[in-house]
Amino acid sequence: SQTIHQWPATLVQPVGSPLSLECTVEGTSNPNLYWYRQAAGRGLQLLFYSVGIGQISSEVPQNLSASRPQDRQFILSSKKLLLSDSGFYLCAWSVLAGGEQYFGPGTRLTVT
Amino acid sequence: GNSVTQMEGPVTLSEEAFLTINCTYTATGYPSLFWYVQYPGEGLQLLLKATKADDKGSNKGFEATYRKETTSFHLEKGSVQVSDSAVYFCALANTNAGKSTFGDGTTLTVKP
């Protein structure tokens with residue numbers, strides 16, 4: 001069966017520090033991969049999605065970037081965090097581009 | 001472009017009450033429709049889906065019918081339980097599109 005992992009589960013970082021969040025999927029090949037951010041009490045904001053290795057589409061032009069170095073690995077990065085980057089970050093995958101998505105457990109990021 | 005509009009929350013019900021959460025959408029073509037549920041501190045889980053007009057998705061006592069004539073996909077449950085307390089997201093995805101469109105979420109609290 002397929003599983004999705006995210007780490008770390010929680011993170012507290014100072015403003016201006018770098019960020020690296022990792023997501024890996026097991027049990028499937030060539031998944032579509034997604035990064036979302038959820039601010040407290042708010043809906044989902046799609047940040048990036050990828051339909052294949054090296055193919056990244058950006059939805060939000062901010063100080064975040066994403067990379068897909070391997071088929072089932074998706075990394076979210078920032079060189080310098082802002083206070084507004086605080087939130088709950090969710091990684092997800094799907095088999096089909098128009099199909100249901102399967103979400104990871106999330107990373108709670110607090111920027112202080 | 002695609003959009004999803006959900007009933008604003010929060011919604012508070014007593015145990016065994018009837019639940020309806022309204023969802024309407026705007027989309028080109030014939031999208032698939034989904035309801036996801038998010039329990040506190042967790043990622044989203046697929047609750048149910050429907051892929052074509054008049055399809056009914058159902059799971060765990062929840063139901064939703066894909067109504068193309070009214071562009072709606074309302075979520076219903078006949079008798080809610082305290083354990084149904086969560087945030088519910090309506091979403092759509094077009095076949096071959098790279099991403100899904102999510103509503104803002106509706107928070108449901110069920111009191112004993």
Side-chain angles (χ1 to χ4, degrees), chain A residues 1-10 21 23-25 30-52 55-60 66 68 74 87-110, chain B residues 1-11 21 23 25 27-52 55 57 59 64 66 73 86-109:
Chain A
S1 63
Q2 301 88 1
T3 56
I4 178 169
H5 303 281
Q6 280 188 250
W7 65 90
T10 60
L21 303 181
C23 171
T24 59
V25 180
N30 197 31
N32 297 290
L33 295 171
Y34 309 85
W35 277 113
Y36 293 90
R37 178 169 59 204
Q38 189 176 27
R42 305 288 295 276
L44 295 174
Q45 179 185 32
L46 178 63
L47 301 175
F48 302 93
Y49 67 95
S50 172
V51 298
Q55 301 178 61
I56 309 290
S57 295
S58 173
E59 294 292 302
V60 182
R68 185 170 178 172
F74 206 23
F88 192 46
Y89 287 80
L90 290 162
C91 180
W93 70 275
S94 67
V95 174
L96 300 174
E100 61 264 38
Q101 295 183 14
Y102 302 94
F103 286 78
T107 295
R108 177 77 58 191
L109 172 66
T110 303
Chain B
N2 295 341
S3 68
V4 174
T5 302
Q6 277 184 243
M7 169 177 163
E8 282 193 31
V11 174
I21 300 178
C23 171
Y25 68 90
T28 55
Y30 304 94
S32 295
L33 301 175
F34 308 90
W35 276 102
Y36 291 86
V37 60
Q38 183 180 32
Y39 299 103
E42 298 183 6
L44 279 69
Q45 303 173 26
L46 179 68
L47 181 58
L48 52 84
K49 69 176 182 180
T51 57
K52 61 182 187 298
D55 268 2
N59 186 26
Y66 190 144
F73 193 53
V87 182
Y88 292 82
F89 292 90
C90 184
L92 68 82
N94 287 103
T95 304
N96 299 324
K99 57 186 180 179
S100 296
T101 300
F102 285 81
D104 288 338
T106 302
T107 300
L108 170 66
T109 301

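Residue numbering restarts at 1 for every chain, and letters A, B, ... go by the order of the sequence lines.
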- prompt: If you look at every heavy atom in Ser100(B) and Gly99(A), which pair is closest and at what distance?
  reply: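 What the structure gives for the nearest pair is OG-O, 4.3 Å.
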
message: If you count every heavy atom of other residues, nucleotides or ligands that lies below 6.0 Å from Glu8(B) atom CD, does the total exceed 12?
response: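 No - once you tally the heavy atoms of other residues, nucleotides and ligands closer than 6.0 Å, there are 12 at most.
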
message: Looking at Tyr30(B), I want to see if its OH is surrounded by more than 12 non-hydrogen atoms of other residues, nucleotides or ligands under 6.0 Å.
response: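 Not buried by this count: 12 neighbours or fewer within 6.0 Å.
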
message: Let me confirm one number: the CD-OG1 distance from Glu100(A) to Thr51(B), rounded to the nearest 0.5 Å.
response: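 Rounded to the nearest 0.5 Å, the CD-OG1 separation comes to 9.5 Å.
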
Atom pair NZ/CZ of Lys99(B) and Phe48(A) - distance to nearest 0.5 Å: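 Here the interatomic distance stands at 13.0 Å.
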
query: Taking only residues two or more places apart in sequence or in another chain, which ones pass side chain to side chain contact (heavy atoms under 4.5 Å, CB included) with Ser3(B)?
result: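 Result, side chain to side chain contact (heavy atoms under 4.5 Å, CB included) vs Ser3(B): Thr26(B).
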
field: Heavy-atom proximity to chain A below 4.5 Å, by part of Gln38(B)
entry: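 The side chain, not the backbone.
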
- prompt: Hey, are the side chains of Tyr36(B) and Gln101(A) touching, using non-hydrogen atoms and a 4.5 Å cut-off?
  reply: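 Sidechains of Gln101(A) and Tyr36(B): in contact.
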
message: Less than 4.5 Å apart, side chain to side chain, heavy atoms only: is that true for Val87(B) and Gln38(A)?
response: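 No; the side chains remain at least 4.5 Å from each other.
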
Side chain / backbone / both / neither for Leu44(A) at chain B, heavy atoms under 4.5 Å: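 Contact with chain B: backbone and side chain both.
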
task: Heavy-atom distances under 4.5 Å only: say whether Gln45(A) touches chain B with side chain, backbone, both or neither.
output: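 Looking at Gln45(A), nothing touches chain B.
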
- prompt: Who wins among Gly43(B), Gly105(B), Gly103(B), Ser32(B) for the most heavy-atom pairs under 4.5 Å with chain A?
  reply: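 The option with the most such pairs is Gly43(B).
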
